[in-house]
Structure formats: structure tokens, C-alpha cells
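Working notes, structure below.
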Amino acid sequence: MNLLLCSVLLLALRASLLSSSMAESPQQDRTQETYLQCLIDSSDPSSPPISPLAFFPGNPSYSSVLRSYVRNLRFNSSTTPKPLFIVTPTHVSHIRASILCAKIHGLELRIRSGGHDYDGLSYVSRAPFVVVDLFNLRSVDVDAEGGTAWVESGATLGEVYYAIAAKSGVHAFPAGVCPTVGVGGHLSGAGYGNLMRKHGLSVDNVVDAVVVDASGRVLDRGSMGEDMFWAIRGGGGASFGVIVSWKIKLVSVPAVVTVFKVEKTLEQGATDVVHRWQYVADKVDERLFIRIVLLPVVRKDQRTVKAKFVSLFLGRADDLLDIMSQSFPEFGLEPKDCIEMSWIESVLFWSNYPKGTSPNVLLQRIPDSEKFLKKKSDYVQEPISKVALEGIWEKMMELKRPALTFNPYGGRMSKISGSETPFPHRAGNIFKIQYSVTWKEEGDESLNQNLNRIRSIYNHMTPFVAKSPRSSYLNYRDTDLGINQIGNESYSEASIWGTKYFKANFDRLVEVKTMVDPGNFFRYEQSIPCTPWPSRMAE
Ligand SMILES: Cc1cc2nc3c(=O)[nH]c(=O)nc-3n(C[C@H](O)[C@H](O)[C@H](O)COP(=O)(O)OP(=O)(O)OC[C@H]3O[C@@H](n4cnc5c(N)ncnc54)[C@H](O)[C@@H]3O)c2cc1C
């Protein structure tokens, strides 16, 4: 009965907020004043004032603050729903105040760190909402002797890598290869990169975290407990709280590593090499990571597919050449292909910066160019036959635009249990596929054409990828898999996309969610739902 009453009141409040947000300016001003007063009243008086950190639509900086961390042009149009206000905390008390005020006013709260969510879920909602944007909270405090660092969620991966290399030439952190990705989303969604086969995922190297929960409590690992600490390491932090900072364990890397980038088209035997790669890439020495990027291209007026092999080896070139000649002679790696460098230089190499570029570029928070994009993912557990690969190339050439990236698993990834963290895709996977379309043309026609392209290649791949269930990587957000009807979340609907991301771990995530956020304050299109009401009442 009480629950019903609460829901009705919440809906009434939402409706009144929605109408007030569409009303004349004086009314709008009064609403904004109410929100701002709530933020002021709810923050700690000893913390820096919150008023200059809150941006309302009338504020001249509102649009630029909102747009600064939109990393997909699909969600940067005049019709994209906009937040009622944005808070840019410099202190944990500002996060607490944002949570409490969103709760009091029945608003949804979106949490943004680097803004790279492929489907924009950190800054777009159809319900009245506010954004907590953590870009001001971005300190990285490295303890090279202790082999750890405290990293705030608003830092980028580039800033983390830069800070580690500034303190040590033999330490690194296993995370993604794009320097502008934000720590908050990346770590709470698992985080993988080219150190994965040797050192696992980012979340396999997280030892503590500070979170503000739905009641506004500031918790560390000890006070949040092991269940919540488990959930935020790969289960998507935004279902459980706002993660302020992470304590990460650094890993050892040699002073000299080796990289290569070799391209082969179909005419140069790409099919044979890609086919063979599937039998080698997940079993070879775990210091070696060889990614393949496959792109449909036109060469001498002929359509073809280019396979770009990009590698990091944690050792010297001589060792790499020995390993490749024994395990993968078909590749034909030559000494001239191999470049020795420090780990931090390899980060720049993988981000396509020319040799000699200063690591300072890793501090640039804005990518060189922005695009419209859509991505999807799959896991492959049985090698794909040559005939099937040829069919895939045909499809890519017909569609013209999708790129496929194959990332090898094995090594340390196979040694960690699938339930150790919410990320379940461990032993048994040869590689993960990322499907990608990017475009620059505006308008619905382009949008639909490109969405059709990526969905078409994804459908084409059905026979060749993991089936029960067909699996996806949470950090490659894909709302095509299904979304919550917010305000009326259903366990059975959510389990459709939930088991794709988390397999059997989905149920434990639901249990943790029910325990730490029973009122489902932290909700969004792919948030973890609470246990269905009847079973909770029966408890
Ligand atoms: C160019 C590019 C390259 C990429 N490369 C890689 C890669 O190499 N490896 C890889 O694993 N992934 C990669 N990704 C995917 C990336 O890891 C995810 O998109 C990740 O979630 C982005 O984190 P963010 O903080 O930038 O994004 P946001 O959009 O800010 O957040 C993503 C999600 O996390 C939530 N969230 C963010 N911060 C917090 C917080 N502090 N507390 C609680 N919840 C939070 C958001 O609400 C949202 O649901 C790449 C993405 C892009 C666009």
C-alpha cells in the first residue's frame, strides 16, 4: 500500500516537474532556485561552495559543460533530452548533495566520468534528470614503491598512464588503449587493454574504492562490504552508487617492450593468417597480445578487406621473433616490423601517435575528432572456418563501413574464475569481436543506414559466435540488447540483456542491488533491477 502511494506521489511530482520545466521563465527560475537551495542546504558547509559548480539551462556555460564530455555525436543534437541541471563536484559532499536533492525532487541521476558510453547513458535520459559530472575529480596519486595508486573517477586513462610513467619506468596499469576514456565508467564496466593476457582486466587489479551510496553515505571497501565491492568491479557502477575513487594495483612491465603493426589485404593472404591467428592468439606466450582490426577498403579500384595486426610484446624484439617463428610462422614477422620502446611509448604507439611524441599528449582530454557511432560486441569460442571468414569479408565489402576488431583472450584471463568479478567472459573464449560503424554525415538517413549496417553484420555473425547466451561486453554498451522500462523495471526483461553481459553473475548483481539500493534510486536504461516485489515480500 505504502509502495503504491509512493509511486503515485513520485509520478505526480515528476509530472509537475516536467510541466514546470516547460513553463515560462519566472516559474523556471523559481524551480531552479529550489534545486539550488536544496544543493546548498545538503552540502557540507565546510566544503567549497556548490553554487558555482551547478549549471542550469539559463547559465551561459550550461551547453559547453554538457557538450564537453559528449563522445558520440548521436547524442549531441538539439532534440537530445537535456538535464535540468549539471553538478560538477570538487568535493565528495557535492556528490552527496546531488544524490539527496535528486531523490527529494524525484529526478533521475546520471553519472558521467569520461562520457564515452557508446549509447550516451551517462548524460541522456527520457525522464527528468540531472547529471553529476566528475571531470573536476581527477587526481592520480601514485605510490610507485608500494605498487599502488589512488585514482579519482574523473581522471582519464591517459592521465593515469602519464602519472604512472612519471614515477616509474617499470610499472603500468592494465586498462584500455584510448587515452580519453574515463576511469569511472571504464573500471566499473571491467576495462581491458593490451596487458590483459598477462595481467587480466582493470578490475582484476582494483583493491579498494570510495563510493557514495543511495543514502548519501561515503563508503570504502571495508564499510561497503565485499558484495558491493564485487558488484562495482564490472557490474556497471551506476546501478550501485557514485564511485569517487579507486585504489589500483600497478603491474610490473619490462623497461623495454616491443610493438608491431603489420597490414595484409585479402590479396596478400589475410584470410589464411586471420584463420591461423584463431589457433594461436589465445594460446601463445601470455606476454604477447596481437589484435586484428578488419576494415573494408578499396585498393586499385577493387574492394577488399584489410587486416591490421597490432601487437604489444612485454619483452625484447629477439624474444618476440623467436616466439612468432615457433608459434605463428605463417605470419612472417620480420625484424624490420619490430620496434623496441618503453611501455609509455607503446601507449602512444597504440594511440597512433608518431614515434617521438611527448607523453604530454596523454593529458589532452578532448579527442582529435568527434563522430557519430554505434558499436556492438560478441565472443568467439570456436575458430571460424576459412569459408565462413570469406563470407564475412563479402558481407563487410557489401555493407562498406563496419569495422571488426578481434581481441585475443587466454593467458591470465583463463585463469580467473568467471564469478570472481561480475565480468564472466573468461576461460573458453578465444577472442572478443567489437563491431563498429562511425560516420560524419548528419541526419536520420545516415543514422538509419549505419544502424542497419551494423545490425546486418551482427546478424550475419550469429552462427559463428557464443550462443547460450549470445554474449556482450558491458563497456561496449549496446541498448539494442534491451532496456528497462524505467519506473516499471522487470527482472525478466532485464535478464535478457543482463545475462548477455553477466551470464550467471546477473542474479548475484540483482541480489546486491536489492541489498544496497532497495528503492532503485540508481536507475537507468540498463541498470540492474531489484529482486521482483513478490519474492522480497515473502522474505
Ligand atoms: C574511443 C573509445 C575507445 C575505447 N576503448 C576501450 C578499450 O580499449 N577497452 C575497454 O574496455 N573499453 C573501451 N572503451 C569503452 C569504455 O571503456 C566505456 O565506454 C566506459 O564505460 C567509458 O567510461 P567513461 O567514464 O568514459 O564513460 P561515461 O559515459 O562517463 O560512463 C559510462 C557508464 O559508467 C557510468 N559511470 C561513469 N562514471 C561513474 C562513476 N564514477 N560511478 C558510477 N558509475 C559511473 C555511467 O553512468 C555510464 O553508465 C572505449 C570507448 C571509446 C569511446
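Just so you know, ligand 1 is whichever comes first in the structure, and atom 1 is the first atom listed for that ligand. What you are looking at is a predicted structure, and each value in this text was computed from that prediction instead of being measured.
- Counting only heavy atoms from C-beta outward, the side chains of Glu159 and Glu152 never approach each other to under 4.5 Å.
- The cationic atom of Arg233 (NZ for Lys, CZ for Arg) lies less than 6.0 Å from the six-membered ring centre of Phe229 and within 45° of the ring axis.
- With respect to atom 13 (C) of ligand 1, the closest heavy atom belonging to the protein is Tyr476 CE2, 4.0 Å.
- Put simply, the side chain of His94 gets close to the backbone of Thr90: a donor and an acceptor are under 3.5 Å apart.
- With distances taken over non-hydrogen atoms, the option nearest atom 5 (N) of ligand 1 out of Ser202, Ser351, Cys178 is Cys178.
- When only interatomic distances are considered, the shortest N/O to N/O separation between Ile243 and ligand 1 falls below 3.5 Å.
- Ser342 and Glu345 share a donor-acceptor pair across their side chains, judged by distance under 3.5 Å alone.
- The option from Gly114, Gly236, Ser122 that lies nearest to atom 31 (O) of ligand 1, judged by heavy atoms, is Ser122.
- A donor and an acceptor atom, one from each side chain of Arg426 and Thr421, are located under 3.5 Å apart.
- Tyr192 carries Lys432 over the face of its six-membered ring, with the cationic atom under 6.0 Å from the centre and within 45° of the normal.
- When Arg71, His186, Arg112 are ranked by how near their heavy atoms come to atom 10 (C) of ligand 1, first place goes to His186.
- Atom NE2 of His186 is separated from atom OG of Ser202 by 4.0 Å, given to the nearest 0.5 angstrom.
- For atom 28 (P) of ligand 1, the nearest non-hydrogen atom from the set Gly184, Gly115, Ala238 comes from Gly115.
- Within a 4.0 Å radius of atom 20 (C) of ligand 1, the protein contributes at least one heavy atom.
- Checked against a 3.5 angstrom limit, the closest N/O atoms of Arg477 and ligand 1 fall inside it.
- At a heavy-atom distance under 4.0 Å, only side-chain atoms of Leu134, from C-beta outward, approach ligand 1.
- The ring of Tyr123 has its center no closer than 6.0 angstrom to the ring center of Tyr69.
- Nearest protein heavy-atom contact of atom 37 (C) of ligand 1 is Gly185 N, 3.4 Å.
- Each of the following atoms of ligand 1 lies closer than 4.0 Å to a heavy atom of Gly191: 11 (O).
- Looking only at heavy atoms of the protein, atom 38 (N) of ligand 1 is closest to Ser113 OG, 2.7 Å.
- When non-hydrogen atoms are compared, ligand 1 lies under 4.0 Å from the backbone of Ile111 as well as from its side chain.
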>> Test salt bridge (Lys or Arg N to Asp or Glu O under 4.0 Å) on Glu286 and Lys415; report intermediate values, then the result.
In response: CA-CA 11 Å; Glu286 62 187 23; Lys415 294 173 194 152; 2.8 Å; yes
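- For Lys198, the NZ atom counts as loosely surrounded, since its 6.0 Å shell holds 12 or fewer non-hydrogen atoms of other residues, nucleotides or ligands.
- Near Gly176, meaning under 4.0 Å from any of its heavy atoms, are these atoms of ligand 1: 7 (C), 8 (O), 9 (N).
- Closest protein heavy atom to atom 4 (C) of ligand 1: Val181 CG2, 3.7 Å.
- No donor-acceptor distance shorter than 3.5 angstrom exists from the side chain of Arg197 to the backbone of Phe289, with no hydrogens or angles considered.
- The proximity of Ser153 to ligand 1, defined as any non-hydrogen pair under 4.0 Å, is limited to the side chain.
- Of all atoms in ligand 1, listed by their number and element, those nearer than 4.0 Å to a heavy atom of Gly241 are 42 (N), 43 (C).
- For the atom pair CZ of Arg455 and CG of Asp478, the computed distance is 8.0 Å after rounding to the nearest 0.5 Å.
- Contacts between Arg110 and ligand 1 below 4.0 angstrom, taking non-hydrogen atoms only, are absent altogether.
- Side-chain contact check for Lys513 and Asn520: at least one donor-acceptor pair (N or O, by modelled atom type) lies under 3.5 Å.
- For the pair Gly182 and ligand 1, the shortest N or O to N or O distance falls below 3.5 Å.
- Of all the listed residues (Phe423, Tyr118, Tyr69), Tyr118 holds the heavy atom that lies closest to atom 51 (C) of ligand 1.
- Nearest protein heavy-atom contact of atom 9 (N) of ligand 1 is Tyr192 O, 2.8 Å.
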> Hey, mind stepping through Asp119 and Arg477 against salt bridge (Lys or Arg N to Asp or Glu O under 4.0 Å) and telling me if it holds?
Replying inline: CA-CA 6 Å; Asp119 283 334; Arg477 174 86 64 203; over 6 Å; no
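- Close to ligand 1: Tyr473, with a non-hydrogen atom less than 4.0 angstrom away.
- Summary of contacts: the protein heavy atom closest to atom 33 (C) of ligand 1 is Asp117 OD2, 3.6 Å.
- The atoms of ligand 1 that sit less than 4.0 Å from any heavy atom of His116 are 19 (O), 22 (C), 24 (P), 26 (O), 27 (O), 28 (P), 29 (O), 52 (C), 53 (C).
- Here the NZ-CZ distance, from Lys503 to Phe423, works out to 9.0 Å after rounding to the nearest 0.5 Å.
- For atom 15 (C) of ligand 1, the nearest protein heavy atom (residue, atom name, distance) is Asn475 O, 3.4 Å.
- Expressed to the nearest 0.5 Å, how far OG1 of Thr479 lies from CG of Asn484 amounts to 11.5 Å.
- Not a single heavy atom of Gln526 sits less than 4.0 Å from an atom of ligand 1.
- Residue-to-ligand polar distances place Val177 within reach of ligand 1: an N/O pair is separated by less than 3.5 Å.
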